[in-house]
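Note that these values count all heavy atoms, side chains included, but never hydrogens, waters or copies made by symmetry. In each ligand, atom 1 is the first atom listed, and ligand 1 is the first ligand listed.
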Amino acid sequence: MAIAAVLLFAGCGGAREVKVIKLAHGLDTQHPVHKGMVRLGERLAEKSGGTFRVDVYPGGQLGSERECIELVQMGGLAMTKVSASVLEGFAAEFKVFGLPYLFRDDAHKVAVLDGPIGKEILASPQSKFVRGLCYYEAGNRSFYTKSRPIRTPDDLTGLKIRVQESPMAFALIRAFGASATPISFGELYTALQQGVVDGAENNPPSFHLARHYEVCRYYSLNEHTAVPDVVIVSTHFWNSLTPQQQQWLQEAADESAVYQRSLWEAATAAALAAVEKAGVEIIRPDRAVFAARVAPLHDEARKDPIIGPLDERIAHVRP
Ligand code: GCU
């Protein structure tokens with residue numbers, strides 16, 4: 001598979017080269033994260049005078065998030081958008097985002113992601129041929145279940161909960177007393193339907209647009225993590241660009257991130273309204289009780305040479 005195809009157009013001014021960038025991800029085209037990527041393509045086309053085109057491949061067409069990262073590493077795919085949780089396997093710094101109740105509120109999260117810590121983590125997988133371009137908002141992750149509503153952490157005891165391919169996510173679910181089963185996002189609907197797992201956790205737009213609410217009738221907004229999404233580019237591709245082209249791509253990504261973030265609140269409200277209308281019971285439990293149950297994960301993290309200092313620095317960030 002070519003990393004970025006090159007097309008030749010014969011315009012009035014002679015032949016013009018158009019570089020086509022493939023950008024793969026696992027979400028639905030109605031998702032605000034997908035809309036961010038479309039905006040990225042539009043901005044890049046404008047900035048480059050039409051010499052770049054971004055083709056977005058949604059819905060996991062080119063593979064799971066881990067598979068797409070591997071393609072990016074090998075240079076078989078120019079770009080992908082994944083959850084920071086799955087990037088843990090490529091750069092341990094990303095683990096910090098999997099810690100529960102990491103951010104005090106949205107302003108704290110924005111200050112961390114847009115500030116030096118966010119930039120440092122984004123740059124961390126470079127030695128693995130992966131360059132982080134920007135973060136996308138992915139809201140807060142909360143539990144949804146098929147037959148047992150989660151009102152307190154005790155309700156999770158013994159349940160089988162799907163997790164992303166992420167050791168931190170695994171540890172978190174275990175700390176809640178549930179058993180964790182790693183499954184890729186694309187395989188989750190069937191896994192829920194067939195009872196391989198009793199539930200999962202995600203943000204409202206993903207819960208809604210992946211139609212998991214058709215199977216899981218309880219959604220408990222305990223908001224245990226706020227793991228961002230990340231747009232990454234292959235360093236093989238990046239290094240093939242001129243400094244000017246690199247600047248266009250970085251700016252297009254940054255501008256798309258601002259736009260994508262602006263879509264989030266309304267998309268979340270719309271998703272919650274839609275699932276509620278479809279008969280899902282939305283539970284708003286006391287977050288503090290859930291936070292207390294998994295607080296020991298932060299004590300553990302503080303002993304880790306990579307995420308310990310990051311966790312501590314994040315706690316001290318003031319918006
Ligand atoms: C979020 C995230 C996706 C990820 C999904 C998951 O929706 O935006 O990138 O695939 O969670 O739970 O796997």
Asker: Is it true that the side chains of Q246 and Q250 contain a donor and an acceptor less than 3.5 Å apart?
Answerer: no
Asker: In terms of side-chain geometry, is the basic nitrogen of E251 or K47 positioned less than 4.0 Å from the acidic oxygen of its partner?
Answerer: yes
Asker: Do E281 and R151 meet the salt-bridge criterion of a basic N to acidic O distance under 4.0 Å?
Answerer: yes
Asker: Pairs in or reaching into residues 107-138: which pass ring-ring contact (aromatic ring centres under 6.0 Å, His included), with residues at least two apart or in two chains?
Answerer: F97-Y135, F103-H108, F129-H236
Asker: L221: which other cluster members, linking ILVMFWY side chains closer than 4.5 Å, directly or transitively?
Answerer: Y144, I183, L188, Y189, L192, V196, V197, F207, Y213, V215, Y219, L272, V275, V280, I282
Asker: According to the side-chain hydrogen bond (donor to acceptor under 3.5 Å, both in side chains) rule, which pairs have a member within residues 305-318, sequence neighbours left out?
Answerer: E120-R313, H298-D311, R302-D311
Asker: List, ordered by chain and residue number, the protein residues whose closest non-hydrogen atom lies under 4.0 Å from any atom of ligand 1.
Answerer: L27, E65, K81, S83, R141, R162, Q164, F185, N202, N203, S206, D229
